[in-house]
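Below, each value reflects all heavy atoms present in this structure, side chains not excepted, and no hydrogens, waters or symmetry copies. Labels below follow one simple rule: chain letters A, B, ... track the order of the sequence lines, proteins then strands, and each chain is numbered from 1.
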Amino acid sequence: MLSRIAESLFWMGRYMERAEDTARLLDVHFHTLLEQSQQTYRLRWDSIIRISGEHERFFRFYHEATPQTVFEFLGFREDNPNSIVGCVTRVRENARTIRDRISRELWEDVNSFYLRVRGFRAESAVEAGPHRFCNEVKFSSHKFRGVADDTLPHDEGWQFLRAGRALERAEKTARIVDVEYHTLLEGPTAHAPDKSDHQWMAVLKSVAAYEVYRREFHATIDPRRVAELLVLNVRHPRSIRFNIAELQASLQAISRAAPGTYATEAERLTGKLNETLLYDRMEDIFDRGLHAFLGDLQRTCRAIGEHIARTYFYYAAA
Amino acid sequence: METQQVAGTSLLDDYEPGSFYDEMFAASGNPRPHYGPFYDELVHMAPSEFEESRRLADLAFLLQGITFTVYNDGLGTERLFPFDLVPRIIPRAEWDRVERGLSQRVIALNLFLQDIYGKQQILKDRRIPRSLVLSCRHFRREMIGFTVPRGIYTHVAGIDLVRDSSTGEFLVLEDNVRTPSGVSYVLENRLVMTRMFPRAFQRQEVLPIDHYPAELCQVLRTLSPRGGDPVIVTLTPGVHNSAYFEHSFLAQQMGVELVESRDLVVENEIVYMKTIRGLTRVDVIYRRVDDEFLDPVVFRPDSLLGVPGLVGAYRAGNVAIANAIGNGVADDKAVYAYLPEIIRYYLGEDPILRNVDTYVCSRPADLAYVLDRTGELVVKAVGESGGYGMLMGPWATKAAIEEFRMRLRADPRNYIAQPVVRLSRVPSYDPASGRIAGRHVDLRPYCLFDGDRVVIIPGGLTRVALKPESMVVNSSQGGGSKDTWVLRGAG
């Protein structure tokens, strides 16, 4: 497989996941915050920007994080490469450069998603409430995955697509837990427990974990248990552990290393991280400090991404 | 089967064949026999029904991303290539003659290229002026004395034909033997038509065309320097090229890798592509990149595009390239004027398909005539294509004509001129009136040459000038396309 094609598939996986994650965050928070006080409101939009990793860029364009500015910035702005429209455009550009190598169904699915997203306009979408737009993005992402799984051969190219998605999702969940834990437990609203309950519910909903949480723990929301679910749960498809295991499986399928061995640095780092998530308990992580743990984890994820690129995408001239 | 005519309006109300050769209607006003079944279909179709089919066809092209890129708006916008639902139908007997004429022409073009880059016998025999050939912009001195794999230069040729209204005869308007494009539209148009008019295909047997990618792949396979199971790639300038859709389409249909020059590297005169498992040797390159951008070492030292060392690998016989480098000398518009002579010289036969009369401005008598009648003629720059560098005398402003006269005097070798060919018309849908009206068309058949025989898919790309009265069919000037049917049987 051409390096360029592998690279395109990997980034298609990442950008599609990024678009979906952003849509989920925007949707849930917009609707939860309708019921909150003005003060909380402002601060919460601020943390959404932090989760997106585009805090600096945002304040170059706007003075204040309001539903309108955040929605425009994360949903539509062309000069924000990580906006939903920006991500979908790049999924489509990548798909277009390899359309001969993906199924006709997958290409048409991506192209029509792109055309639908382009049909929305920021002002009217905010006014109408972001739900319609965000829901469209969320379900289009699910559909993308279904079409990819059902029409592509499950070869190494498909593994790159899967690896991109898993890496992106693990990193994004780490950011969500990190930012929210800090804001909700240590921020100015931390001592209004009734309020923060709603906000933890929003966090859970944004990663499709609310119902799971209720079923597993029944009780009222305990932030430590939320963190445990999102970091260590073995079955929840958006937990960090779940996605690092996915990533490891993809990288092994690509490198064809024998079980119990590894062939690349990306595999070594992923395997090591997987061991930690497998054998550490939540109290071990809290003892060492959740913020430090998640910071390390995000740095490791970035290193894994770099090593994948170095091993498979770039050819060093002789 | 007779059916009741839809009450009220019909798509063909007020149809005016005009003074041109109309491919659907004979001079009597009756449909020509080979158009009978489709004519029935049209007459019984309500305009709203037709409009709905048209909308669905456009949507299908949009969703599939079958677009071309326009550059002149500064944004590189993707546009649909307008598709007209009324097919262009050619009877079998007429097509057979066209096919023989095209085969003859492709074989002669290939022999000419072998000769020009070999012994140059035709120049020694003074059948075509040496200075004219050697001064072609696309003549590649570097290729002289190099034997191309299996002696094939023109693996793929797109020969543009027009039907002259005064005689109804197909004439050759120009040859394209560098990287002719458009065949993907031929295949996609057919797919859409079979979905929109299944009944018409049941009533008439239309010759299939979908074997083109397999035939092309077969030609490419025979070129491999290593034999066996060759690694073939399609080389594209990239996603921003106007014909990108076609490049990826053909790669996919042939089941070969689509590469950009950055995916290739040459080491020790062997071409490799960069894969996730290291380098893989490439045997055959179907390139859709112009000569100038193939290899910066040879052609454009200032260019970052291309694969350094590619021509070296080609000359060493380690990789085959299709079409061959330097083919532009054969489709130069001044050389075109000598094609009848070239056919006679190499094949000892008269040309089956005639050329359009052509004045070669490097000949003083021709130049004098053209300067005298610039306003009546079509003047073309010899090395251009796609409707660029052209003057349509009768429609041009005085200033434009004067400007061309100056250019003609300054650089006569760069121009030819032809009388205006009154192109035939095919009924086409006019969205403004919601009716069918006559529109001018040309035809580009696609010819594949494997060294022994020429394979031509029946029909080709019919381009249509969708603007009323316009004779310019280029997509950059409001042209569209039609499906082209060659009917099986005596027709």
Side-chain angles (χ1 to χ4, degrees), chain A residues 1-10 78 89-116 118-119 153 155-160 163 250-251 253-257 263-264 266 308-318, chain B residues 59-67 69 75-78 80 184 188 191 213 231 233-241 244-268 270 272-280 282 286 288 307-309:
Chain A
M1 162 161 296
L2 278 186
S3 297
R4 181 171 53 78
I5 291 170
E7 188 176 11
S8 286
L9 284 162
F10 180 75
E78 307 263 356
T89 303
R90 283 190 287 169
V91 171
R92 194 238 186 197
E93 271 305 285
N94 275 295
R96 210 157 88 84
T97 63
I98 58 167
R99 61 179 291 177
D100 58 303
R101 287 300 301 257
I102 58 180
S103 61
R104 194 170 183 134
E105 288 89 345
L106 188 62
W107 160 250
E108 286 189 28
D109 179 63
V110 167
N111 191 43
S112 69
F113 179 28
Y114 165 82
L115 294 171
R116 285 198 303 281
R118 286 268 156 186
D155 59 6
E156 52 209 0
W158 180 80
Q159 298 288 0
F160 274 107
S250 294
L251 294 179
I254 293 164
S255 80
R256 299 173 190 159
T264 68
I308 291 173
R310 215 170 295 161
T311 307
Y312 295 112
F313 305 157
Y314 304 138
Y315 169 77
Chain B
L59 189 66
F61 284 115
L62 182 69
L63 290 180
Q64 290 172 53
I66 303 176
T67 55
T69 314
L75 297 169
T77 310
E78 291 168 45
L80 286 179
S184 58
E188 290 288 344
L191 203 61
V231 176
V233 299
T234 297
L235 176 62
T236 173
V239 71
H240 300 295
N241 184 269
Y244 178 76
F245 163 70
E246 174 153 315
H247 306 160
S248 70
F249 176 87
L250 288 174
Q252 183 173 42
Q253 295 293 311
M254 291 193 285
V256 307
E257 209 72 67
L258 179 69
V259 303
E260 298 176 20
S261 54
R262 62 186 159 125
D263 296 320
L264 300 180
V265 62
V266 178
E267 284 179 7
N268 300 321
I270 291 175
Y272 298 95
M273 58 183 174
K274 305 170 193 172
T275 79
I276 58 171
R277 311 219 182 273
L279 300 180
T280 299
V282 172
Y286 173 54
R288 295 297 298 263
V307 186

With respect to Leu2(A), which candidate in Asp263(B), Ile276(B), Thr280(B) satisfies the side-chain contact (heavy atoms from CB on, under 4.5 Å) definition? Asp263(B)

How many angstroms lie between atom CE of Met1(A) and atom CZ of Arg277(B), to the nearest 0.5 angstrom? 9.5 Å

Would you confirm whether Ser3(A), through its side chain, and Thr275(B), through its main-chain N or O, come within 3.5 Å as a donor-acceptor pair? yes

At a heavy-atom separation under 4.5 Å, does Val259(B) approach chain A through its side chain, its backbone, both, or neither? both

Any donor-acceptor N/O pair, Asn111(A) side chain to Leu62(B) backbone, under 3.5 Å: yes

With a 4.5 angstrom heavy-atom cut-off, could you sort out which part of Ile308(A) is near chain B: side chain, backbone, both or neither? neither

Under a 4.5 Å heavy-atom cut-off, does chain B meet the side chain of Arg116(A), its backbone, both or neither? neither

Please report the closest heavy-atom contact between Val239(B) and Glu93(A), naming both atoms and the distance. CG1-OE1, 4.0 Å

How far apart are the closest heavy atoms of Gln64(B) and Trp107(A), and which atoms are they? O-NE1, 2.7 Å

Residues two or more places apart in sequence or in another chain: which of them pass side chain to side chain contact (heavy atoms under 4.5 Å, CB included) with Leu59(B)? Leu63(B)

So which of Gly278(B), Ser248(B), Ala251(B) has the biggest tally of heavy-atom pairs under 4.5 Å with chain A? Ser248(B)

More than 12 heavy atoms of other groups within 6.0 Å of Asn268(B) CG: no

For Tyr114(A), is it the side chain, the backbone, both or neither that has a heavy atom under 4.5 Å from a heavy atom of chain B? neither

Got a sec, which residues hit side chain to side chain contact (heavy atoms under 4.5 Å, CB included) with Thr236(B), two or more places apart in sequence or on another chain? Tyr244(B), His247(B), Leu258(B), Glu260(B)

Measure the CD-CG distance between Gln253(B) and Asp100(A) for me, rounded to the nearest 0.5 Å. 10.5 Å

Is it true that Glu7(A) and Lys274(B) make a salt bridge, defined as a side-chain N closer than 4.0 Å to a carboxylate O? no

Check whether Ile5(A) gets within reach of chain B through its side chain, its backbone, both or neither, counting any heavy atom under 4.5 Å. side chain

